[in-house]
Amino acid sequence: MTHADIEALVKQFLVDTATQGTPNPRVQQVVVRLTTDLFKAIEDLDLSQTEVWKGVEYLAEAGATHELGLLAAGLGLERFLDIRADEAEARAGLTGGTPRTIEGPLYVAGAPESTGYARLDDGSEAGQGEVLFMQGTVYGADGQPLPGAKVEVWHANLLGNYSFFDKSQSDFNMRSTIVTDLKGRYQFRSNVPMGYGCPPQGTTQRMLDLLARHGRRPAHIHFFVSAPGHRKLTTQINIDGDEYLWDDFAFASRDGLVPAVRRIDDPEQLDKLQLDNPFASIDFDFRLLPDVADAPAAEVERIRAAA
Ligand code: MBD
Ligand code: FE
């Protein structure tokens, strides 16, 4: 079939709904567009019926095994949406904020909340990795420190696994909500995380294998930073030096999100913190953009786990 034939065919499939009520115009627009584009792809690539059903079954399996969020990251869909969000902000004249990067599929709502400081790890991996202190200031649209801003932070353990999804970890291990203090500052103690790898037997990795791609992420730490009157920031920082730093299967590494890692071995400081070994320290400030009417909502609605 020609593309024109396909367009005509899809229009035919839009049966008269006069007796069924009014279609949702947005849903109708999206369904028509996506089916038209899918049919054209099937025609152009001359997909067999078997191939089409394999694709349907693949998506069904990815859904049933809760890997659609992971697949979206690996296909670059989540990164693509971020590029569009950056473009929309630039059009609205919003510049100068901390770069955004993808949320990923592993956030869990309801983490314990504290002001100024939190320890994220439950101590079960003590002595195995490297202790990390990360700290900084949240700045508002006027360039001044923002007290009372919410810094939600989550990251993987030393095996690259996330609590809640990894039931061997304690509840909310490596997850916290820190409210900035009167000077707009936050600080947390944790362990330097390890990079994540897609489940080796999972649906996402199966596709990546067929594309000769790995399913690894560089070590990273996720953040939501929010405050009244400001756009919610979704971002991550990467741990410098990771072998996958610029080879992330989810395409989320960005300039400006790779802070220096200082190694602290000063005996006086170790003593004060009751640490036996040198530790890593990262300074990182967040700069929020003002809430404006003419930019798409910074709060993305998406089903998230809650505990
Ligand atoms: C992660 O930890 C992650 O951040 C993303 C985007 C995908 C899979 C695992
Ligand atoms: Fe992650």
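Counting starts at 1 for both ligands and their atoms, following the listed order.
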| message | Out of all atoms in ligand 1, which are within 4.0 Å of some heavy atom of His222? Include the element for each. | response |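 Heavy-atom distances to His222 below 4.0 Å select 2 (O), 4 (O).
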| Atom indices of ligand 1 within 4.0 angstrom of Ile102 heavy atoms, with elements |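 Once the distances to Ile102 are compared, the set is 6 (C).
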Closest protein heavy atom (residue, atom, distance) for [atom]:
atom: atom 7 (C) of ligand 1; value: Pro105 CD, 3.5 Å
atom: atom 1 (C) of ligand 1; value: Leu106 CD1, 3.6 Å
atom: atom 2 (O) of ligand 1; value: Tyr162 OH, 2.9 Å
atom: atom 8 (C) of ligand 1; value: Leu70 CD1, 3.2 Å

| Is Arg217 touching ligand 1 with its side chain, its backbone, both, or neither, if touching means heavy atoms under 4.0 Å apart? |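 Side chain only.
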| field | Glu103, portion touching ligand 1 at heavy-atom distance under 4.0 Å | value |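 Answer for Glu103: neither.
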| query | Any non-hydrogen atom of Glu78 lying under 4.0 Å from ligand 1? | reply |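 In this structure, Glu78 fails to qualify as a contact of ligand 1 - no heavy atom is under 4.0 Å.
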| said: Please report whether ligand 1 has a polar contact with His220, defined as an N or O pair separated by less than 3.5 Å (distance criterion only). | reply: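 By distance alone, the answer is yes.
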Can you check whether [X] and [Y] have ring centres sitting under 6.0 Å from each other?
X: Tyr162; Y: Phe164; value: no
X: Tyr244; Y: His214; value: yes
X: Phe224; Y: Tyr107; value: yes

| query | With a cut-off of 6.0 Å (strictly less than), are more than 12 heavy atoms of other residues, nucleotides or ligands near CG of Leu211? | reply |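 More than 12 heavy atoms, drawn from other residues, nucleotides or ligands, come within 6.0 Å of this atom.
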| Under 30°, 30 to 60°, or over 60°: which ring-plane class applies to Phe279 and Phe133, parallel, tilted or perpendicular? |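 Correct class here is perpendicular.
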| Aromatic rings Phe188 and Phe223: how do their planes relate, parallel, tilted or perpendicular, breaks at 30° and 60°? |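 Plane angle between 30° and 60°, so tilted.
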| message | Any N/O/S atom from Tyr196 (main chain or side chain) under 2.8 Å of the Fe ion (ligand 2)? | response |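 Within the cut-off used here (under 2.8 Å), Tyr196 places no N, O or S atom near the Fe ion (ligand 2).
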| Looking only at heavy atoms, which two atoms of Leu288 and Arg231 are closest? And how far apart? |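 Taking every non-hydrogen atom into account, CD2-O, 4.2 Å.
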| request: Check each of Arg263, Gln269, Gln135 against Ser281 using the side-chain hydrogen bond (donor to acceptor under 3.5 Å, both in side chains) test, and report the only one that passes. | output: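 Exactly one pass, corresponding to Gln135.
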| field | the Fe ion (ligand 2) - name of the N/O/S atom of His220 that sits closest to it | value |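 His220's closest N, O or S atom to the Fe ion (ligand 2) is named NE2.
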